[in-house]
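This report refers to the structure that appears directly beneath it.
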Amino acid sequence: KDELEHLDSISTALDIAVSEDDLIQLKEELIQFGYIKRHYSGKKGNKKVRINSKPFHYISSDGFHMYVGKNNFQNEELTFKFATGNDWWFHAKGIPGSHVIVKSEGQELPDRTFEEAGRLAAYYSKGRDAEKVEIDYVQKKQVKKPAGAKPGFVVYYTNYSLMIDSDISGIEKLSD
């Protein structure tokens with residue numbers, strides 16, 4: 001079951017990928033977990049693959065920075081290295097998708113920012129074509145990684161939920 005969920009999350013990340021760097025990062029994950037073998041060119045000093053893929057970066061109508069992981073490695077990095085305790089974490093409930101982090105900068109988020117972050121989580125999930133997607137959200141400090149879990153897999157117990165569509169038109173995108 002865990003293997004299928006992991007592969008399903010990689011499949012969703014493939015749908016989100018927009019650049020060659022995004023695909024290289026997915027290939028690295030497939031290699032790391034033994035799904036494909038690394039091919040060596042036979043040259044001495046094979047260089048480690050440099051990955052330049054970065055999360056999507058949006059800004060809410062209210063000026064809050066929102067970051068969207070494109071794959072499991074980026075989800076892990078955003079949630080556990082980039083986000084701080086009071087930032088907000090969003091994810092489509094029970095289906096593969098991106099972690100969305102909203103940097104709160106110690107401020108309370110307006111409702112509109114919660115809705116826009118929820119739309120991003122819906123759009124960058126396997127449920128993007130559904131009329132409505134259930135999105136769980138919680139402060140980052142409530143999100144934990146189980147011991148031995150694959151990248152991007154988390155648990156949380158006290159969360160809020162919202163039902164929202166995946167229309168992200170009108171949300172300003174700053175970069176890939």
Inset, instruction - List the steps, then state whether side-chain contact (heavy atoms from CB on, under 4.5 Å) holds for N159 with Q142. - result: CA-CA 8 Å; N159 64 282; Q142 303 294 329; over 6 Å; no

Atom [atom1] of [X] and atom [atom2] of [Y]: how far apart are they, to the nearest 0.5 Å?
X    : Y    : atom1 : atom2 : value
I171 : R112 : CD1   : CZ    : 11.0 Å
S166 : I135 : OG    : CD1   : 9.0 Å
D15  : D129 : CG    : CG    : 9.0 Å
N71  : H99  : CG    : NE2   : 10.5 Å
Q74  : I101 : CD    : CD1   : 12.5 Å
S125 : E134 : OG    : CD    : 11.5 Å

Would you check if [X] and [Y] make a side-chain contact, meaning some heavy-atom pair closer than 4.5 Å?
X    : Y    : answer
L120 : F56  : no
R38  : E28  : yes
I10  : F33  : no
Y124 : I168 : yes
T113 : W88  : no
T12  : S9   : no
H6   : N72  : yes
V102 : E116 : no

Inset, instruction - Run the numbers on E5 and D2 for side-chain contact (heavy atoms from CB on, under 4.5 Å), then give the verdict. - result: CA-CA 5 Å; E5 285 178 4; D2 288 346; 4.3 Å; yes

Compare every heavy atom of [Y] with every heavy atom of [X], then report the nearest pair and how far apart it is.
X    : Y    : value
H91  : G97  : NE2-O, 3.1 Å
I164 : E115 : CD1-O, 3.4 Å
A130 : V133 : CB-CG2, 4.3 Å

Taking [Y] as the starting point, is it possible to reach [X] by hopping between hydrophobic residues whose side chains are less than 4.5 Å apart?
X    : Y    : answer
M66  : L162 : yes
V143 : F90  : no
L78  : Y58  : no
V18  : Y123 : yes
Y137 : M163 : no

Inset, instruction - Would you sort out whether H65 and L174 count as a side-chain contact (heavy atoms from CB on, under 4.5 Å), showing the intermediate values? - result: CA-CA 9 Å; H65 291 269; L174 296 180; 4.1 Å; yes

Inset, instruction - Kindly say whether the aromatic ring centers of F114 and Y160 come within a distance under 6.0 Å. - result: no

Legend entry - Between D62 and S60, a side-chain donor and acceptor under 3.5 Å: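 No.
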
Legend entry - Between T84 and D87, a side-chain donor and acceptor under 3.5 Å: yes

Inset, instruction - Would you confirm whether K144, through its side chain, and K141, through its main-chain N or O, come within 3.5 Å as a donor-acceptor pair? - result: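 Present.
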
Legend entry - Any donor-acceptor pair under 3.5 Å from S98 side chain to K70 backbone: no

Legend entry - Partners meeting salt bridge (charged side-chain N to carboxylate O under 4.0 Å, His left out) with K27 (sequence neighbours left out):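 K27 satisfies salt bridge (charged side-chain N to carboxylate O under 4.0 Å, His left out) with no other residue.
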
Legend entry - Pairs involving residues 151-160, ordered by first then second residue, that meet salt bridge (Lys or Arg N to Asp or Glu O under 4.0 Å) (sequence neighbours left out):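 For residues 151-160: none.
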
Legend entry - D111, CG: over 12 other non-hydrogen atoms inside 6.0 angstrom: no

Kindly write out the residues that satisfy ring-ring contact (aromatic ring centres under 6.0 Å, His included) with [X], not counting sequence neighbours, or none if the list is empty.
X   : result
F64 : none
Y67 : H57, F82
F80 : none

Review item, side-chain donor-acceptor pairs of residues 147-157, under 3.5 Å, at least two apart:
{"residue": "K150", "atom": "NZ", "partner": "E3", "partner atom": "OE2", "Å": "3.2"}
{"residue": "Y156", "atom": "OH", "partner": "D136", "partner atom": "OD2", "Å": "2.7"}

